[in-house]
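Lettering of chains follows the sequences in order, A, B, ..., and the numbering in each one begins at 1.
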Number of protein chains: 2
Amino acid sequence: MATGTLTAERILEVTEEVLRRYGPAKATVVDVARALGVSHGSVYRHFRTKAALREAVTHRWLGRTEQALEELTAAPGPAPGKLHDWLATLFEAKRHKAGDDPELFATYNVLIDESSGVVDQHVTVLEDQVRRILEEGVSAGEFAAPDPAASARAVFAATARFHDPSYAPTWESETAEEEFEQVVGLLLRGLRP
Amino acid sequence: MATGTLTAERILEVTEEVLRRYGPAKATVVDVARALGVSHGSVYRHFRTKAALREAVTHRWLGRTEQALEELTAAPGPAPGKLHDWLATLFEAKRHKAGDDPELFATYNVLIDESSGVVDQHVTVLEDQVRRILEEGVSAGEFAAPDPAASARAVFAATARFHDPSYAPTWESETAEEEFEQVVGLLLRGLRP
DNA sequence: GGAATGACAGATATTGAAATCTGTCATCCG
DNA sequence: CGGATGACAGATTTCAATATCTGTCATTCC
């Protein structure tokens, strides 16, 4: 079935499929090897441990969200509106993933709990995007932020309710959207010069 | 050992002890009855189910925090400082419980996960205290909040990072205190008239 | 008569033996 | 010779038998 050489990339693709099919509890390295048509020893040539393989899958998954938000970050436009949209996009992306395919979302949440290092890196990337938006706003006189990096962490922390997966069960509620706007409104007011 | 009549209050006290000793997974109604020196049927006279007993324990535990914060809420003084102190006290109380006796804290977190209704009520009580502080500030011209109840929910949501037990592992970090001040500072700025 | 008991049925948890998986490595193949 | 293999040891998971627990209720006790 597998075409050509066995690459790390191909293993990651198949691992995603196996995780989707069997779930995080039952997906084994042997399953991945079987789906690839190779021995499990070959998988271990590319990933030192099962944990490393799962972390790589998680990294890929989180990277996709980072990429979508990076485009927003780099786009032109006033910083306050951009920050609002950046947060709204993050919220909407997470809410969509959670509501659309709850099982797959649950699977990735298990992976995320396992891979704290990968998540820390993800958070750092996102906070850095927020920091860049804040700095842009400070330059344009739209924001006051003596320490943009610290403010970025604060903004990210204050909106955890809307992007941290542990709150996913509440994201479908009718009031979630309104509460999001309230929090973001408060933060944008707090950032005014 | 037990003195006099069997009361709901006495059962709750002993249940707390049993939970502390055995943990949430192993503490049984039979254990509670044994510690009380009665048959387990007698416990069921006061609490319809094991879940109801655990919820009552949770309610009592959360009520103690509500009470401490209520005193702060009712005290005189400028609203901005009071809101800051209220949030700082909540943070400190949680952090202290988590750091002081991690096992007991973990036990109560298990109970909390089971008792969503009780927790919702607790959150409502705390948000109401925040709302009263906000209204006080609006009256004194210290805050601008067209809808104090909505702003109270926003303030509570934005500080989840510092009172939601799922974040407890990060509360000991050196930067937690600083991040708390950043978030609260941003919120207080956002509430200014 | 109101509170407590303990035997009971069905549900849940524990246990230990068997099966499977993870990670290594000597060997094989192109 | 670099990459793939599959047998292997120790760790983990599964499964089914056994034990315990939950919640009820007819009976006992004060």
- Query: Is Leu72(A) reachable from Phe162(A) through a run of hydrophobic residues whose side-chain heavy atoms are each under 4.5 Å from the next?
  - Reply: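 Yes, one cluster joins them.
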- Query: Does one hydrophobic cluster hold both Leu104(A) and Val118(A), with members joined at side-chain heavy-atom distances below 4.5 Å?
  - Reply: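 Same hydrophobic cluster.
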Tell me: [atom1] of [X] to [atom2] of [N], nearest whole Å?
X: Glu114(B); N: dT12(C); atom1: CD; atom2: P; value: 14 Å
X: Arg10(B); N: dA3(C); atom1: CZ; atom2: C1'; value: 18 Å
X: Arg34(A); N: dC21(C); atom1: CZ; atom2: C1'; value: 11 Å
X: Tyr22(A); N: dC21(C); atom1: OH; atom2: P; value: 10 Å

- Among Glu55(A), Glu66(A), Glu16(A), find the one that has a salt bridge (charged side-chain N to carboxylate O under 4.0 Å, His left out) with Arg60(A). Glu16(A)
- Message: Check the phosphate of dG6(C) against Ser39(B), side-chain N and O only, distance under 4.0 Å to OP1 or OP2. Yes or no?
- Response: no
- When the nearest nucleotide of DNA chain C is assigned to Asp31(A) and to Arg48(A) on a heavy-atom basis, which residue is associated with the more 5' position?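 With Asp31(A) and Arg48(A) compared, the 5'-side residue is Asp31(A).
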- Message: Using heavy-atom distances to pick each residue's nearest nucleotide on DNA chain C, tell me which of His40(A) and Lys26(B) is more 5'.
- Response: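 With Lys26(B) and His40(A) compared, the 5'-side residue is Lys26(B).
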- Query: Which is true for Thr28(A) with a 4.0 Å heavy-atom rule: it touches a base, it touches only sugar-phosphate, or it touches nothing?
  - Reply: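 It contacts sugar-phosphate atoms only.
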- Quick one: label Val29(B) by what it contacts on the DNA or RNA (base, sugar-phosphate, nothing), any heavy atom closer than 4.0 Å. sugar-phosphate
- Query: Hey, which of these two, Arg45(B) or Lys50(B), hits DNA chain D nearer its 5' end, going by closest nucleotide?
  - Reply: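 Between the two, 5'-proximity favours Lys50(B).
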- Covered region of DNA chain D, 5' end to 3' end, by chain A [heavy atoms, under 4.0 Å]: dG3(D) to dA7(D)
- Taking C-beta and beyond as the side chain, do Ile112(B) and Leu62(B) meet within less than 4.5 Å on heavy atoms? yes
- Salt-bridge contact Arg20(B)-Asp101(B) (side-chain N to carboxylate O under 4.0 Å):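 A salt bridge is present here (some side-chain N lies under 4.0 Å from a carboxylate O).
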- Query: Could you give all pairs that pass the ring pair (Phe, Tyr, Trp, His ring centres under 6.0 Å) test and reach residues 49-81 of chain B, with sequence neighbours left out?
  - Reply: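 Qualifying pairs: Trp61(B)-Tyr108(B).
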